[in-house]
Number of protein chains: 2
Amino acid sequence: MNGRMRIGELTERAGVTPRTVRYYESIGLIPPGEREGQGQHYYTEETLARLRKINQLKKLRLSLDEIRDVIDLYFIDPSGVQAKQKVLVVLRQHLAEADQKIREYQQFRAELEDHIERFERWLEEKKPR
Amino acid sequence: MNGRMRIGELTERAGVTPRTVRYYESIGLIPPGEREGQGQHYYTEETLARLRKINQLKKLRLSLDEIRDVIDLYFIDPSGVQAKQKVLVVLRQHLAEADQKIREYQQFRAELEDHIERFERWLEEKKPR
DNA sequence: TAAAAACATTACGTTAACGTTATGTTTTGG
DNA sequence: CCAAAACATAACGTTAACGTAATGTTTTTA
């Protein structure tokens, strides 16, 4: 009933797979589950909370790298102000990148139309029979 | 002089690296250079022409897979009509995909702005000093 | 107490088109 | 003829976030 759980409960409650938990441990996104000697790992409610926060941030399309840069703030400063300020910076970057991508694709699109027209004209000229 | 050359001349004239030539050979984009017994490979003018045509198609942003589907036509049908017709189909697909990408990024962009606004308002409310 | 769950660990696979060592062989120029 | 180019081959690296075996151990349950 308390906050001590094995990976099965953790993953079920967090909505992730064991593979994901272990991967996050391996990259330092969440603390490694404690273990008694060898054998299985035990996790806490705080780790569960971390996983849920990570999932929220993933929905905002933050990468795991970006999440790692802000996740601790959520637990150091419970008000969430500092974390959200930092996330906001990232979101603005993403916005700029999205704008850039849109411009690139529009540019590519224009070139494509140009090529297509050229091809069509070339084929028209070749085929007047 | 004639059309018999080793990889050095081939790559220099085609504007690619030896690695690229060997990679293309390995995926069947160009015929393997002939060799006498063991040792070095010799290439022909036609292979050079193929490489140049491949480069042209790459400028149109065709993938190597897509190029493989059309490259032979350029040498089977010297008029180029069939090849260009096939390329045209690919270009139109790319156009559709570009449009799709643009829509996706615009959607993402809109969501981002939404999130950003939310964050800004949340931070405003928290900080009324 | 023995079989069934659950868990742990290792490692390959996923996309595209080569770049970059590392090492060994062949050809060429003086 | 020998050193310097040029060439050949094999194999790892590159991006992100895990999925998916394969195999072995621990915990739970009947």
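We name chains A, B, ... by the order of the sequence lines, and we start the count at 1 in each one. Heavy-atom basis, side chains included; hydrogens, waters and symmetry copies ignored.
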Near DNA chain D, under 4.0 Å by heavy atom, which residues of residues 54-67 of chain B? none
Just the rounded figure in Å: distance from P of dA17(C) to CG of L51(B). 15 Å
For Watson-Crick and G-U wobble pairs within 3.5 Å on both distances, what is DNA chain C written in dot-bracket notation, | included for inter-strand pairing? ||||||||||||||..||||||||||||||
For nucleotides dT14(C) and dG13(D), find the distance between their C1' atoms and express it as a whole number of Å. 16 Å
For the pair made of CD in E25(B) and P in dC7(D), what is the distance, rounded to whole Å? 13 Å
Between Q106(B) and R103(B), do the side chains contain an N or O donor and an N or O acceptor separated by less than 3.5 Å? no
Checking E9(A) now: which residues fulfil salt bridge (charged side-chain N to carboxylate O under 4.0 Å, His left out) with it, not counting sequence neighbours? R13(A)
Considering residues, nucleotides and ligands other than E12(B), do more than 12 of their heavy atoms fall under 6.0 Å from its CD? no
Heavy-atom check, side chain of L60(A) versus side chain of F119(B), under 4.5 Å: yes
Per-nucleotide protein contact string for nucleotides 24-30 of chain C (B base, S sugar-phosphate only, - none; heavy atom under 4.0 Å): --SSS--
Are Y24(A) and dA17(D) close enough that a side-chain N or O sits under 4.0 Å from OP1 or OP2? no
Apply side chain to side chain contact (heavy atoms under 4.5 Å, CB included) to V90(B) and list each qualifying residue two or more places apart in sequence or on a separate chain. L62(B), E66(B), H94(B)
Residue whose nearest DNA chain D nucleotide is more 5′ - G8(B) or Y23(A): G8(B)
Could you name each residue pair satisfying salt bridge (Lys or Arg N to Asp or Glu O under 4.0 Å) that touches residues 32-44 of chain A, not counting sequence neighbours? R4(A)-E36(A)
Could you tell me which non-hydrogen atom of I30(B) sits nearest to which non-hydrogen atom of V21(B), and how far apart they are? CD1-O, 3.6 Å
Round to a whole Å and report the spacing from CG of L29(A) to P of dA17(D). 9 Å
So, is H41(A) close to the dC7(C) phosphate, meaning a side-chain N or O under 4.0 Å from OP1 or OP2? no
Take atom CD of E12(B) and atom P of dC7(D), then tell me their distance rounded to the nearest Å. 10 Å
Which residues satisfy the side chain to side chain contact (heavy atoms under 4.5 Å, CB included) test with E125(A), sequence neighbours excluded? none
Tell me which pairs pass side chain to side chain donor-acceptor pair (under 3.5 Å) where either residue lies in residues 22-33 of chain A, with sequence neighbours left out. E25(A)-Y43(A)
Between C1' of dA6(D) and OH of Y43(B), the distance in whole Å: 13 Å
Could you check how far CD1 of I7(B) sits from P of dC18(C), rounded to whole Å? 14 Å
Under 3.5 Å donor-acceptor, R92(A) side chain and V87(A) backbone: no
Collect all protein-nucleotide pairs involving nucleotides 20-23 of chain D in which both atoms are nitrogen or oxygen and the distance is under 3.5 Å.
from, atom 1, to, atom 2, distance (Å)
dT20(D), O4, R19(A), NE, 3.2

Send over the distance from M5(A) CE to dT27(D) C1', rounded to a whole Å. 18 Å
Quickly work out the R35(B) CZ to dC7(D) C1' distance and round it to whole Å. 10 Å
Short question: side chain of T20(A), backbone of V16(A) - any donor-acceptor pair under 3.5 Å? no
Could you work out, with side chain to side chain contact (heavy atoms under 4.5 Å, CB included) as the rule, every residue matching Q56(B), not counting sequence neighbours? K53(B)
Which pairs count as salt bridge (Lys or Arg N to Asp or Glu O under 4.0 Å) when at least one residue sits in residues 71-86 of chain B, sequence neighbours excluded? R50(B)-D72(B)
Side-chain N or O of T20(A) closer than 4.0 Å to phosphate OP1/OP2 of dA17(D): no
Can you check whether R22(A) has a side-chain N or O nearer than 4.0 Å to OP1 or OP2 of dC18(D)? no
Under the side chain to side chain contact (heavy atoms under 4.5 Å, CB included) test, which residues partner E113(A), sequence neighbours left out? R109(A), L95(B)
